[in-house]
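Note sheet for the following structure.
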4 protein chains.
Amino acid sequence: MPAALADPTATLLVSCPDRRGIVATLAQVLHGHGANILEADQHTDRSAGVFFQRIHFDLAESRTDRLTLEGAISDVAQPLEMAWRIVYGDRLARLAIFVSKTNHCLYDLLLRHQAGDLRCEIPLIVSNHPDQAPVAEQFGIPYRVVPIAKETRAEQEARQLALLSEYRIDLAVLARYMQVLSGEFLDRFDRPVINIHHSFLPAFSGGRPYHQAYERGVKLIGATAHYATRDLDEGPIIAQDAIRASHRHSVADLVRKGRDVERTTLSRAVRCHLENRVLVHGNKTVVFE
Amino acid sequence: MPAALADPTATLLVSCPDRRGIVATLAQVLHGHGANILEADQHTDRSAGVFFQRIHFDLAESRTDRLTLEGAISDVAQPLEMAWRIVYGDRLARLAIFVSKTNHCLYDLLLRHQAGDLRCEIPLIVSNHPDQAPVAEQFGIPYRVVPIAKETRAEQEARQLALLSEYRIDLAVLARYMQVLSGEFLDRFDRPVINIHHSFLPAFSGGRPYHQAYERGVKLIGATAHYATRDLDEGPIIAQDAIRASHRHSVADLVRKGRDVERTTLSRAVRCHLENRVLVHGNKTVVFE
Amino acid sequence: MPAALADPTATLLVSCPDRRGIVATLAQVLHGHGANILEADQHTDRSAGVFFQRIHFDLAESRTDRLTLEGAISDVAQPLEMAWRIVYGDRLARLAIFVSKTNHCLYDLLLRHQAGDLRCEIPLIVSNHPDQAPVAEQFGIPYRVVPIAKETRAEQEARQLALLSEYRIDLAVLARYMQVLSGEFLDRFDRPVINIHHSFLPAFSGGRPYHQAYERGVKLIGATAHYATRDLDEGPIIAQDAIRASHRHSVADLVRKGRDVERTTLSRAVRCHLENRVLVHGNKTVVFE
Amino acid sequence: MPAALADPTATLLVSCPDRRGIVATLAQVLHGHGANILEADQHTDRSAGVFFQRIHFDLAESRTDRLTLEGAISDVAQPLEMAWRIVYGDRLARLAIFVSKTNHCLYDLLLRHQAGDLRCEIPLIVSNHPDQAPVAEQFGIPYRVVPIAKETRAEQEARQLALLSEYRIDLAVLARYMQVLSGEFLDRFDRPVINIHHSFLPAFSGGRPYHQAYERGVKLIGATAHYATRDLDEGPIIAQDAIRASHRHSVADLVRKGRDVERTTLSRAVRCHLENRVLVHGNKTVVFE
């Protein structure tokens, strides 16, 4: 997608204690530097007293350079105690997919990427099994197998981290990767990791959620895409969806039906993230969808 | 709905260990007694080895009486170790609604009943508050207030049971009734009680589920209609549904949005029950919807 | 809802040819008059080159009066060729419901209003039949019957217009009102009229849409809430929804199932309108939901 | 899927004028030949007076051969004026996919087939463009390009028919194949053809439905899977679904979003057909889903 190189837009994400005048102040700074606001979304969490905003703007006719713009933002951010980051449209995020033996989420990401729906590069697929190597090859993406065994886990994670570093990965997506990443791994990677859990969390956290759902006799099954954190299945939720189930569905049927909701939920979360629509606050997300 | 008196149909619900020939045997018995099968649904739970069937049939041209028909069913049921019950269309179930202060589920049931969608009589509304008396009056239904206090709970439940008995109630529906019915109450009533829980169980069981959902930052909220059992929020699930939520929703918004999914989910479960479409097996249901 | 009287917020709706700097200009004007922006949504229709914005703001700490604020908006609007209107939170819209014989949409609007979900007054219900008078009475709302006959239509519409004028109605909602309002009526009323059509328009426009849907054998049925215009069923669409249907549904079943989607779709459109979230552009709407 | 060879089940599909005793008669015939009924669904179209049934049964312990069973069915079918067909589980249908330049529906069918969700063989992909040849190759399926030009259309269709015959195809699936098959083609193929139309028919039939939807400003977009007939976009509908759209969606966005609903709707229709769950009656379908 070399067209990205010419993309003159940028996205500013901010959060700060709520007070009057923030919207006008930011609009003024951007306007003053020749930016044209294309899209703006804001949210105030009244119980927490926090203001969030996402501004997507065009810099094609900007009269200043990026450093000057960022300096100006920084100047207004400080007195507002504002956390902010800016992402430029000509910089594509580099995404690594982690996968185990099933490929429905993997294919969904790759096909959407191929169709131009996911604005990123996908330079790396990591797996603990060799099974999906042919799929990676079809799409021309390096596929690295890092087998996992309990006793050598630390060593394996070190190899994974080395790969992520080698390929300069910005975002890791666990596309039904059936291993738990350790807290040490998450700390050392220090970039977002998106996971898909195959249930409507917090229902059926932990292992074998479709078996749990079958046992409980639920009439809906769901999927949850969330940022991975040290607390398994407890990270900030980005997207969830659910579909009908009935007594007619065996565990195998739930697994089969669940694939559809897993893949669309994960891809939706990844797209939101790549379009810089997600802000994390505590254990929750603001998603400007 | 006096038209019911002339309804010549009946519904047979059976469950038994799975084996060959059950469908043919029952079809033969019904046909032999002049019944015309209008609708038949069956399900086999392969892991449990149990067969379920619902047969809705017309007796208008039947050549025998009900006792004879039931005797014939009983004869084939015994060797098959079959549990069965038959419900005749000219007998309307008598439903009591339990309600507290909110009326969205109450109205939904009453309006659907008025529109002819719920095949039953509703001779009684029970509440622990006087608030909804005017609604009951509009629909011409006796409204009995039984205030609940912790120290007099047993006594109050005795009053409720007396009302259910006096009005010959077949089914109690807890339409956002904010009190827990004791195990003793359920045992003594010994008829089905349908409850609506305002979350997607098993997520957020217990109190204040919308507060819990808000805290967890979920992106869907749901509702669960289930038979009430001694184990709170653990009874067999009849119907569930979910709708989208986002960071924009405060707890109050979730409560407001949730009303829609609560009322439609409860009414759907009640309609399925009244049309004899639900069979309970262990802690799960078979719903021939 | 006398609380409204104290509501210090206002909503500004604008549309104009797209150009740079509009967002910053409006934010600056509002900020300069002490308004605090609570919510802002914008949209650019690129094919038409038109910019739309909705800004909801708090005037509690405003240092100027409304006339001054409006004058300032007017000053920036003129050079931008901007159409704009401002709605103050302390002024509740007055809504009239038109109804015929069925009451599911009527009840849905009244119950949501009672629950505080629809921010308006409902001082009048107009019908061509006396059937729903008891419902109006329960909610304490005047109910006026204006029977319609082909030969006296002009006269009847004159009576309806007189009622709308007498009750100072801002918005008329056709809640399954089974008469077509003439172009003359719409011209003379000159305020928004929202209608619910019981199909997914443009499929099955005209009469008896559920019969048409049944004949075609569709697997979804829908509902469409739109502004009424001289061209029947062609007005700008505000909200649409659809639900599953199957071969099992007779026309009567479709009518029954359709009620749910009709009432929720109409109420959603009315709520969006009342919260000043809808801008009409040509035959389409921008809905900042 | 060589396991199919050992599948001892069969499916009987019948339709006939409605009368008493059909269910019992068929159950008796099957039982008498040692068949064990696994699943049975029935439907009576009361307005047309037609009875439909699908019976899925196990012949593993049958005491007779297929010819004898079919003879017995034939004997009871004749006096009932019953149309019937029986499909044996050890015979996999052979499906050909027709595709043009886009591959989302193609991939969806191939991946579900690979995952075991579509019980068929896919021995052939036909296209009017070479673009998807690499995809066919990945899945090891012959890909035949038959370019279409107006002046040579008859000749090209003859080539297509020859391919369908050569590969002994039972079912053709038009997976966003952007050519209209002529009535002559359909007559000569004389087997089912399933098409996906990218709108909620009958809305937006004909070409460029997303452009039409955009122009009309609809708030839902849909997809319709139907059997292809001589009357374009008028064939019996098997499955439909719809998803939300808004003013924010350009035509390109609708096209992108629409892919999801197209692929799931087409795959659902194909699965229903392959599981012998669809009966056509006039221009409508009975789908025992």
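Note that this is a predicted model, so its numbers are computed, not measured. So that the names make sense, note that chain A is the first sequence line, chain B the second, and so on, each numbered from 1.
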Minimum heavy-atom separation for [X] to [Y], with atom names?
X	Y	answer
D:Q240	C:L220	OE1-N, 3.7 Å
D:V218	C:P202	CG1-CD, 4.1 Å
D:R216	C:N283	NH1-ND2, 3.4 Å

Does any heavy atom of chain D fall under 4.5 Å from the side chain of [X], the backbone, both, or neither of them?
X	value
C:E289	neither
C:K284	side chain
C:A242	both

In this structure, are over 12 heavy atoms from other groups packed under 6.0 Å from C:R19 atom CZ?
yes
Count the heavy atoms belonging to other residues, nucleotides or ligands that lie under 6.0 Å from CZ of C:R85, then report whether that count exceeds 12.
no
Checking [X] against chain C: side chain, backbone, both or neither under 4.5 Å from a heavy atom?
X	answer
D:F288	both
D:T285	both
D:Q212	neither

Between D:R244 and C:D241 (salt bridge meaning N to carboxylate O under 4.0 Å), is one present in this structure?
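Salt bridge between D:R244 and C:D241, a charged N being under 4.0 Å from a carboxylate O: yes.
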Between D:L201, D:T224, D:T44, D:I238, who has the most heavy-atom pairs with chain C when the cutoff is under 4.5 Å?
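When all of D:L201, D:T224, D:T44, D:I238 are compared, D:I238 has the most.
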May I ask you to test the D:V287-C:K219 pair for a side-chain heavy-atom distance under 4.5 Å?
yes
Any donor and acceptor pair, going by atom type alone, linking the side chain of C:H247 with main-chain N or O of D:H43 inside 3.5 Å?
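No, C:H247 side chain to D:H43 backbone: no donor-acceptor pair under 3.5 Å.
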